[in-house]
Each structure stands twice: as structure tokens, then as C-alpha cells.
Amino acid sequence: MGKYAIVTGFFAQDDPSADGAVIGALPPRFGLMDDTEDRWKTFTERIQALNAAAPRGTRYKTVFFVRHGQGHHNVAEAKYGRERWDEDWSKRYTDGEIVWGPDPELTETGIAQAQDARRFWEKERGYGVPLPQKHYVSPLRRALGTWQEIFKDNDVLCGDACRVTIVENLREEFGEHTCDLRHPRATIAQNFPPPTYEFEDGFSEDDELWKADERETREHVKERAVAVLDRIFGTDKEAFICITAHSGIINGFLATMNRPRYPIPTGGILPLVVKSSENDV
């Protein structure tokens with residue numbers, strides 16, 4: 001639909017040369033450059049002003065990209081190292097000690113990371129941080145569990161009417177790695193039931209994308225990210241969006257906006273002001 005770009009000057013992370021390893025998972029104020037008491041009021045007004053002055057076909061939204069907390073597969077990868085993980089262990093389901101496939105849950109550390117993120121949101125809410133008006137999440141349990149720990153049953157951040165849409169295109173790079181093989185729709189619905197958790201239209205019962213002998217390309221991940229942005233900017237009137245997902249697809253979003261990969265840690269939050277234009281951005 002449109003072309004997408006990151007609007008700079010709002011967050012430390014939106015600088016093309018930003019060092020994610022230095023910035024960390026939860027930088028003060030989500031990385032917002034403005035450190036005044038009324039910072040979020042000013043920020044919201046600036047987003048409103050951008051949209052008010054935008055030419056036809058151009059819109060701005062703030063997207064909070066949340067990476068899931070630590071999963072059992074993260075522990076296994078750290079145990080064996082990236083090379084051995086990619087070449088061998090990622091294609092298995094367990095080593096007899098750690099079970100990472102299919103679709104592993106959060107570790108205790110991962111749950112604690114999500115709870116840290118919840119407290120972080122709550123703190124900034126005291127300064128008026130705009131709450132997400134629409135929530136989207138990956139169908140993998142580590143992402144669903146992270147969203148649940150941060151937002152579900154939290155009157156400060158979400159309220160009784162909080163809903164999140166489960167979107168297939170928000171899953172991690174798929175194929176080969178058993179940790180990225182999702183559970184059937186019925187299993188997901190049993191563990192994350194409606195009305196809080198809602199499947200997008202057309203969500204299949206079985207995982208029709210994962211293949212044991214083929215890893216998804218980064219170019220295809222980028223195409224999935226574009227499809228999600230097209231949906232959000234094409235149908236959502238809301239200006240503040242939350243996407244809870246994975247490092248691979250989050251970096252797919254960055255690739256659509258011509259930005260280098262960003263090493264967001266587990267449990268980290270990456271806020272960006274995104275511009276959509278039907279013309280050049």
C-alpha cells in the first residue's frame with residue numbers, strides 16, 4: 001500500500017546509528033529524548049500535529065515493538081552457541097535437559113523480564129505515556145505470554161475491555177528451527193482464550209508455513225512486515241499501536257524502513273514513530 005519510514009528526533013533508538021547494546025532493553029522513558037515532566041503530553045501533541053499537517057495519503061503512528069521475554073530456546077542457544085545451534089541443535093526438540101520445541105514457553109527469567117516491562121509501563125503512565133489503542137501479537141507462546149504478563153488484567157495499562165489480535169505474520173522467522181513451529185489454533189485458543197485474545201480472520205488451524213528442511217529468508221520476513229504495516233495503516237484509525245513479537249520480525253519491520261538490524265534484548269521495547277506515505281517518504 002504505502003512506503004514506510006522512521007521519523008527521527010523522538011527516541012534515542014530512532015537514530016540510524018543507535019547502539020542497541022548500549023541503549024538496552026528498557027531505557028529511561030522508553031528512550032524518549034524529552035526528559036521534562038510533561039514529556040508525554042508534548043509527544044502526543046507532536047504526533048497529533050504531524051497528522052493534522054500531513055498531506056493526503058500520509059499518516060503517522062507510534063508503534064511500540066515489544067520483544068518477548070527469554071524463552072527456553074534462548075537458553076539452549078546460549079548453551080551451545082549460535083553456530084552449533086543453527087547447524088544442529090535448533091533442528092531438534094530437546095537435549096534431554098531443555099525442551100525448546102515446538103513453540104517453547106517463557107522461562108522464569110522471561111516472565112520476570114515481562115513483569116519488569118509491565119512496571120516500566122506503569123511508571124511512565126504516571127507521566128502520561130500514551131497507552132496503545134490497538135494490540136497485535138505473534139501466535140507463538142513466548143510472545144503471547146509476554147503480552148499477558150504486561151497487559152492482561154492490568155487496569156492501569158489496559159482495563160477490562162483490553163483485546164489483542166493474534167496475527168500469523170508476526171511470528172518469528174519460520175522453518176528448520178523447532179522453536180518456531182507453532183501450536184494448532186485450538187491449542188492456542190485453549191491457553192489464550194477469547195474475548196481477550198482474538199484471532200485474525202483466516203487464521204489456520206495447523207501451521208501451514210513451517211518446513212523442517214527450509215528456513216524462511218529475511219526478504220520474505222520483510223514482505224510479511226510490509227503486509228502487517230499495510231494492514232495497520234490501511235484499516236486502523238488509532239495512532240498508538242503495540243506489537244509483541246520477536247527479534248527477527250521486528251528487524252523485518254526495520255528493513256522495510258531501510259534501517260539496519262537492531263539488537264533488541266529479550267523483554268525489550270523499541271518505540272518508533274512511523275510515517276506511511278503513498279508517495280516517496
Side-chain angles (χ1 to χ4, degrees), residues 25-26 29-30 32 40-41 43-44 47-48 60-69 71 103 105-106 110-172 182-183 185-203 228-229 231-246 249-250 253 264 266-274:
L26 300 172
R29 307 176 304 279
F30 289 102
L32 189 70
W40 292 111
K41 178 177 182 292
F43 173 80
T44 301
I47 300 302
Q48 291 171 340
Y60 298 84
K61 295 184 187 292
T62 303
V63 183
F64 293 92
F65 293 101
V66 180
R67 185 185 178 192
H68 64 80
D103 190 10
E105 295 181 310
L106 295 173
I111 293 171
Q113 289 173 336
Q115 292 171 344
D116 286 343
R118 181 193 68 223
R119 287 187 286 269
F120 195 79
W121 275 96
E122 291 172 342
K123 177 184 176 182
E124 283 305 305
R125 185 56 182 161
Y127 293 93
V129 64
L131 296 180
Q133 299 160 308
K134 291 291 289 291
H135 289 267
Y136 296 97
V137 67
S138 158
L140 298 181
R141 290 192 297 179
R142 54 194 184 268
L144 285 159
T146 298
W147 186 91
Q148 178 174 266
E149 291 292 337
I150 298 175
F151 295 107
K152 190 174 185 298
D153 299 327
N154 190 315
D155 292 338
V156 176
L157 302 181
C158 223
D160 294 336
C162 196
R163 301 285 187 272
V164 60
T165 302
I166 301 171
V167 177
E168 188 84 91
N169 272 333
L170 288 178
R171 61 191 295 177
E172 184 57 294
R182 75 161 169 85
H183 281 86
R185 173 174 174 153
T187 302
I188 298 171
Q190 183 177 12
N191 293 311
F192 300 94
T196 300
Y197 303 91
E198 303 172 329
F199 289 98
E200 66 177 334
D201 291 343
F203 192 94
V228 173
L229 289 175
R231 169 185 180 155
I232 289 173
F233 278 90
T235 63
D236 293 347
K237 297 180 181 179
E238 294 82 358
F240 299 99
I241 308 294
C242 180
I243 291 175
T244 304
H246 313 263
I249 186 63
I250 290 173
F253 283 106
I264 180 171
T266 52
I269 300 174
L270 173 62
L272 295 171
V273 177
V274 179

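Just so you know, these numbers use all the heavy atoms, side chains as well, and skip hydrogens, waters and symmetry mates.
Side chain of E198 to backbone of R163: no donor-acceptor contact under 3.5 angstrom is found. With hydrogens and angles disregarded, no donor-acceptor distance shorter than 3.5 Å links the side chain of K152 to the backbone of T196. Without hydrogens or angle criteria, R125 side chain to L157 main chain gives no donor-acceptor distance under 3.5 Å. Judged by distance alone, with hydrogens and angles left aside, the side-chain atoms of T244 form no donor-acceptor pair with the main-chain N or O of A143 at under 3.5 Å. Of the possible polar contacts, one joining the D103 side chain to the R141 backbone as a donor-acceptor pair under 3.5 Å is found. At least one donor-acceptor pair under 3.5 Å links the side chain of R67 to the backbone N or O of I264.
Geometrically, R29 does not engage Y127 in a cation-pi contact, judged by NZ or CZ lying under 6.0 Å from the ring centre and within 45° of the ring axis.
Between F64 and F240, the distance from one ring center to the other does not fall under 6.0 angstrom.
Remark: K134 NZ to I241 CD1 distance equals 6.5 Å, nearest 0.5 Å. With rounding to the nearest 0.5 angstrom, the NE2 atom of H68 is 8.0 Å from the CG atom of L140.
Y136 and E200 share no side-chain donor-acceptor pair at under 3.5 Å. Side-chain N/O atoms of E122 and N154 include a donor and acceptor closer than 3.5 Å.
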